[in-house]
Amino acid sequence: MLELALKGSKRYYGWIAGLLAVIGVGFGCYLWQLSFGLGITGMSRDVSWGFYIAQFTFLVGVAASAVMLVLPYYLHHYKAFGRITILGEFLAVSSVTMCVLFIVVDLGQPMRLLNVMLYPTPNSVLFWDMIVLNGYLFLNIIIGWQVLQGERNGVAPPKWVKTLIYISIPWAVSIHTVTAFLYCGLPGRGFWLTAILAPRFLASAFAAGPAFLILLCLLVRKLTKFDPGKEQIQTLAKIVTYGIILNVFFFLCEVFVVFYSKIPEHMDHMIYLFKGLHGHGVLVPWMWTSIALMVFSIILLVNPFTRQKEGILLVACLCVFFGTWIDKGLGMISGGFVPSPLHYVNEYVPTAPEIAITIGVYATGFLVLTLLFKIATSVKEELEGV
Amino acid sequence: MENSRRTFLKIAGISALGLSAKPVLDAFALDIDMLNKKINAAPKNGALTAKRWGMVIDTRKLETEEALKPMIEVCHKIHNVPVHENKRHEIKWIWEEGFKHAFPDLEHEYVNERVEHLPFLVLCNHCKDAPCVRACPTKATFKQADGIVAMDFHRCIGCRFCMAACPYGSRSFNFRDPRPFIAEINKKYPTRMRGVVEKCNFCSERLDEGLQPACVEASNGALVFGDLENPESEVRQLLKTNYTIRRKVALGTGPSVYYIV
Ligand code: SF4
Ligand code: SF4
């Protein structure tokens, strides 16, 4: 099936060439980072994780959201999703690819990456995160490929694939749970030290992932002859609605606990993010934008009249995606580091090369996504004889 | 008694596991043996040993920033700690903090005037139950049998999970090659490369040679170092006769550095 990725229009090749160029720039900056060290980023002694780890966190969510297609289809026999589960699985593959890359570019000594396996340390959450992420990557590659090949050849995929699919459902939940555990088990970081972190991560994942998938479906419909389907998109929209409402609800639970208890260790981070602390507050406008986007998207999504209009749905999905991206990809990580454990307010702002590397990783993910979606939609076109 | 029972249970548990998972354990065994050897190697002649090293800092003898300087300087000098201009890249093993930063949970608006302006010496607490050790995915940060939380600079992958885990900001990361920023390299202690984490090691290398930690030696008796588990040790005597505080005890990390205020 791989050959399907090679046959495309001029526009397709242009897009790929563009992505490769962006990857090239990012890779160049990465080489610079390799030789200089992580000092070319905006990270510091106090804010020791930055943009890379934040993107990683956000994308784990996008990856996990494939389960929102797989679960209704395979557990509830919701047939309509059979048409597009492959898109969810391939989105998961490209997201996890980005996650792994973000971890690697964040390491001070990437050449020693294998030490995590050479000296397995079960008490470290990072060890488990590595296992669940890699496992999820392979599960989705194998499942996606087998199912698509079966579909193409008009035969049911082998039995063992079904077993893998059932395994992949709790596995998807595990990747985001373990990722939340990276943060919420640390004693001195009040912002993350909350049991709602994993549920909140999952809720925002189940909003952002399907929202992105809707955008992709609309794009696929426009660019190819394969139509993911109106019903499919509408069902996804309902999932996004529940996801984003839950996300905001969990966030409000957090706000209540933090501001009613008034424990400074927990409160100071929230104040920093939403009001600024000791005159520092680069993230304040961003955080309020995020809240506004999420609330606005809820208004559009809850109302069936607006939700059912695909043009408006598109806007709502963009709001969900960027709202949750700011929340997790900007605020969640540096917010936990400011103020520092010694109560200094040292802010973090990513540097230009850091952003270039980040965009390079995203471009790599989009390249994988493009190739996989090309294959999937070509097979679908073939089958539908259009 | 309590202790030996626990050990017995542990051994029993491990052997039961071993029956079912022998090959897996064998694979681990090599690694653990090596680690144990490193940790439990029979002490060299004259080495200072303890069950759990700890430190008592008598702030009554360290009233000014000037008084702290010699300790900070000697530590950073013998351990090849670089001096970076860029504050973001800063590396420090032991430094001075005001009360409200060293003890943010004890600070209040009517704090005693002397304490409010007192400079506190802060360093890695070599926590009894260290979150950094728990977090490290490669055992590059590990607990020695003598209670010291040590680091293997050659194993560290630079993930900085330990920095997020430490509630005391005790750890620094080499954001760039430190060597050009070391005024005078001490050949007896390794320099680091970029991309790894480092922190105070309670002068393990000096203890091996029968010497007290360098800061203790430079402190004119204001810093006392000894075995927290030996009731006869000087640190225990000081703890018995003075009221002491530790940093962020509510977190349960069990800091081994005590302050007489
Ligand atoms: S003070 Fe920080 S670095 Fe030192 S042992 Fe405790 S947690 Fe680890
Ligand atoms: S940075 Fe090094 S010492 Fe710290 S957790 Fe990672 S591997 Fe362990």
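Predicted, not measured: the structure shown is a model, and the values here were computed from it. Chain identifiers are assigned alphabetically (A, B, ...) following the order of the sequence lines, protein sequences preceding nucleic acid strands; residue numbering begins at 1 within each chain.
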Novice: Name the option with the most non-hydrogen atom pairs under 4.5 Å to chain B; the candidates are A/N346, A/L182, A/D46.
Specialist: A/L182

Novice: With a 4.5 Å cut-off on heavy-atom pairs, point out which of B/R171, B/H101, B/R194 contacts chain A the most.
Specialist: B/H101

Novice: Between B/P137, B/C159, B/A165, who has the most heavy-atom pairs with chain A when the cutoff is under 4.5 Å?
Specialist: B/P137

Novice: Side chain, backbone, both or neither: which part of A/L34 has an atom under 4.5 Å from a heavy atom of chain B?
Specialist: backbone

Novice: Only pairs of heavy atoms separated by less than 4.5 Å count here; which of A/G188, A/G185, A/G39 has the most with chain B?
Specialist: A/G39

Novice: When rounded to the nearest 0.5 angstrom, what distance separates CZ in B/F103 from NE2 in A/H343?
Specialist: 14.0 Å

Novice: Give, as side chain, backbone, both or neither, the part of B/R247 having an atom under 4.5 angstrom from any heavy atom of chain A.
Specialist: side chain

Novice: Using a cut-off of 6.0 Å, state whether more than 12 heavy atoms not belonging to A/F27 lie near its atom CZ.
Specialist: no

Novice: Quick one: pull up CZ in A/F337 and CE in B/M163 and give me the separation to the nearest 0.5 Å.
Specialist: 8.0 Å

Novice: Specify the closest pair of heavy atoms between B/P167 and A/P341, including all atoms of both residues, with the distance to one decimal.
Specialist: O-CB, 3.2 Å

Novice: Side chain from CB out, backbone as N, CA, C, O: work out which of these in B/S170 comes under 4.5 Å of a heavy atom of chain A, or both, or neither.
Specialist: backbone

Novice: Please classify the contact between A/Y183 and chain B as side chain, backbone, both or neither, with a heavy-atom cut-off of under 4.5 Å.
Specialist: neither

Novice: About how many Å separate CG of A/D106 and CZ of B/R160, when rounded to the nearest 0.5 Å?
Specialist: 4.0 Å

Novice: Any donor-acceptor pair under 3.5 Å linking the side chain of A/R112 with the backbone of B/C156?
Specialist: yes

Novice: Please state whether the side chain, the backbone, both or neither of B/V197 comes within less than 4.5 Å of a heavy atom of chain A.
Specialist: neither

Novice: Please tell me if the side chains of B/E97 and A/Y344 come closer than 4.5 Å, counting only heavy atoms from C-beta onward.
Specialist: yes

Novice: Which atoms of A/M111 are under 4.5 Å from chain B, going by heavy atoms: the side chain, the backbone, both sets, or neither?
Specialist: neither

Novice: Looking at B/C166, B/A140, B/P131, B/C136, which one has more heavy-atom pairs under 4.5 Å with chain A than the rest?
Specialist: B/C136

Novice: Picking from A/G336, A/S44, A/G42, which has the most non-hydrogen pairs under 4.5 angstrom with chain B?
Specialist: A/S44

Novice: Less than 4.5 Å to any heavy atom of chain B: does that hold for the side chain of A/L38, its backbone, both, or neither?
Specialist: both

Novice: Are any side-chain N or O atoms of B/R88 and backbone N or O atoms of A/V47, one a donor and one an acceptor, separated by less than 3.5 Å?
Specialist: no

Novice: So which residue, A/S35, A/G108, A/G37, ends up with the most heavy-atom pairs under 4.5 Å with chain B?
Specialist: A/G108

Novice: CH2 of A/W286: more than 12 outside heavy atoms within 6.0 angstrom?
Specialist: no

Novice: Answer yes or no: are there more than 12 heavy-atom neighbours, outside A/W192 itself, under 6.0 Å from its atom CH2?
Specialist: yes

Novice: Distance-only, no hydrogens or angles: does the A/R189 side chain make a donor-acceptor pair with backbone N or O of B/A164 under 3.5 Å?
Specialist: yes

Novice: Rounded to the nearest 0.5 Å, what's the gap from CG on A/N115 to CG on B/D152? Could you check?
Specialist: 8.5 Å

Novice: Where on A/S48 is there a heavy atom nearer than 4.5 Å to chain B: the side chain, the backbone, both, or neither?
Specialist: both

Novice: What I'd like to find out is whether the side chain of A/E265 reaches to under 4.5 Å of the side chain of B/K248, using heavy atoms alone.
Specialist: yes

Novice: Using heavy-atom distances under 4.5 Å, tell me whether B/E107 contacts chain A through its side chain, its backbone, both, or neither.
Specialist: neither

Novice: Could you tell me which of A/I40, A/I103, A/V116 has the largest number of non-hydrogen atom pairs under 4.5 Å with chain B?
Specialist: A/V116

Novice: If you round to the nearest 0.5 Å, how far is CG of A/L113 from OG1 of B/T138?
Specialist: 11.0 Å

Novice: Do you know the tightest heavy-atom contact between B/G195 and A/Q109?
Specialist: O-CG, 3.6 Å

Novice: Quick one: CZ on B/F161 to CD1 on A/I53, what's the gap to the nearest 0.5 Å?
Specialist: 10.0 Å

